[in-house]
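This report refers to the structure that appears directly beneath it.
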Amino acid sequence: MLDKIDTGSAQRTARLGWTGVVRFLHLAPRAFLPMRAMEQLTLVAGKGIEGDRYMIGREEGFYSHKPEEGRQVTLFELETLIALKRDAGIELGPEEHRRNVTVEGVPLNHLVGRRFWLGETLLEATRLSIPCRHIEEITGKAIFDPLINRSGLNCRILRDGIVRVGDTVRSAA
Amino acid sequence: MRVRPITTIKTVVAAIEGAGTGIKLFTLADPDHWELPPFKPGAHIDLHLPSGLVRTYSLCNEPADNARYVIAVKREAEGRGGSRALHDEVGIGNVIGVSLPRGGLEPGAGIARHVFIAGGIGVTPFLSMARHLARTGDADFTLHLVVRQEAPLASYLAPLIDAGRIVVHYTSRGGRPDLASLVGEGGSKTLVACCGPESMIDDFERVTATWPAANVHIERFVAPPPVIDPDAKPFMLSLARTGTEIQVRAGQTMLAALQEGGIDISTSCCGGICGACKVGWLEGKPVHRDRILSPYERERYLMVCVAGSEADRLVLDL
Ligand code: FES
């Protein structure tokens with residue numbers, strides 16, 4: 001079935017599409033430390049976010065012993081936070097999911113392997129993020145199961161720049 | 001270069017102050033003064049000392065003071081070495097890894113009146129709660145501190161003593177105070193808590209024996225000796241992730257057997273009260289013996305420092 005579909009073809013006829021917005025930005029310099037809300041983040045191509053624990057060369061994150069070139073910046077959907085509250089009664093703040101960028105209106109799970117603009121920076125999505133038990137330990141909330149399949153997106157930075165709260169997110173395809 | 005997993009919060013010793021005979025206050029902070037992971041009043045942390053020792057201490061500052069962890073350490077010359085190492089070897093600027101804070105009381109959960117009873121340095125688990133309640137005014141509290149002749153942390157406690165929130169009882173002058181009259185009448189809105197030497201805890205348990213368990217809290221700062229059942233039988237541990245089998249000898253702790261088998265387990269109190277050595281179990285019939293896991297948690301976890309096995313084989317999630 002799937003091989004019969006010319007992916008992307010609908011885009012040409014039906015004007016599929018999305019445009020999103022950056023709602024929150026967060027970083028932490030070391031594993032376990034609370035994420036701090038920022039008005040802007042500086043993204044460095046091929047490396048990561050200035051001051052963040054996973055910046056390549058810094059290696060101060062919980063998963064830094066498992067280096068990953070495609071984990072320079074991580075994104076999370078605001079819609080997931082809303083769904084957690086609605087469906088599971090769990091109040092999770094944007095500073096608690098431990099991804100760097102909380103976006104609204106961006107179908108993150110559809111973007112693996114694609115490029116998109118985050119403000120003035122260009123990203124390439126490498127893989128879906130996976131929830132970890134570590135986050136339950138840090139937040140004290142049972143969110144592992146509800147976050148399966150919607151735990152965000154890992155990306156590589158292709159073009160660097162500054163991302164600000166309120167910036168537009170759009171496809172680069 | 002192989003990077004080792006980061007398992008502790010990196011802190012540096014930012015200040016060390018004397019606080020009474022044989023007692024020092026240590027202030028731990030992030031190297032860049034970033035906020036530290038939050039904690040509840042009365043919570044404790046494990047310190048991973050440079051020598052490899054791991055020791056648990058109560059946090060003495062209040063949760064709103066979120067960029068430092070302050071601990072009070074009494075030098076115990078005859079202790080197990082943690083307090084000596086901190087007093088004699090640790091200096092300002094030293095890096096110390098600490099665990100995420102654990103435990104503590106949820107303030108305000110329908111409680112209008114708190115009575116804390118502390119013996120000597122046993123005052124430390126109540127300090128963050130006392131400061132928190134004094135600042136927020138969320139609930140009433142009195143902290144009774146029983147000492148021989150010198151109150152620990154005197155200057156640190158002075159504001160609360162002056163305000164009448166901490167009452168110091170000197171046994172060298174007035175003998176031991178009557179705990180029953182200190183705790184007063186029980187009730188669903190009163191929480192009483194005690195931390196001190198075993199004899200004080202025994203008295204306290206007697207006085208509060210008829211109280212509902214939810215309104216009584218006991219904090220043990222010295223782990224009681226591990227319980228070894230004289231009828232204990234040997235059993236086999238199977239480690240599900242590695243496929244390793246480890247024999248636990250009769251009377252041996254699971255922890256000791258795992259460590260002999262080269263398995264790295266973080267521990268602190270080794271007496272089933274701190275929570276550091278929690279491990280998941282998958283099959284078998286564990287005998288728990290810890291004092292912290294809830295019945296629900298016991299269905300999935302055990303504390304390897306104290307738990308045993310009723311069956312010949314126990315499968316751990318290791
Ligand atoms: S080491 Fe403290 S509970 Fe096991």
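So that the names make sense, note that chain A is the first sequence line, chain B the second, and so on, each numbered from 1.
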Do you know the tightest heavy-atom contact between P37(B) and P34(A)? N-CD, 3.6 Å
Please name the residue in the list R36(A), R53(A), R30(A) that meets the salt bridge (Lys or Arg N to Asp or Glu O under 4.0 Å) test with D32(B). R30(A)
Got more than 12 heavy atoms from elsewhere within 6.0 Å of CG, D87(A)? yes
From CG (L33(A)) to CD1 (I9(B)), nearest 0.5 Å: 7.0 Å
Backbone of M35(A) reached by a side-chain donor or acceptor of W34(B) within 3.5 Å: no
Are there more than 12 heavy atoms of other residues, nucleotides or ligands under 6.0 Å from atom CZ of R159(A)? no
Verify the neighbour count for atom CZ of R114(A): are there more than 12 heavy atoms of other residues, nucleotides or ligands below 6.0 Å? no
Okay, P31(B) and chain A: the region with an atom under 4.5 Å from a heavy atom over there is both
To the nearest 0.5 angstrom, please state how far the CZ atom of F32(A) sits from the CG atom of L36(B). 12.5 Å
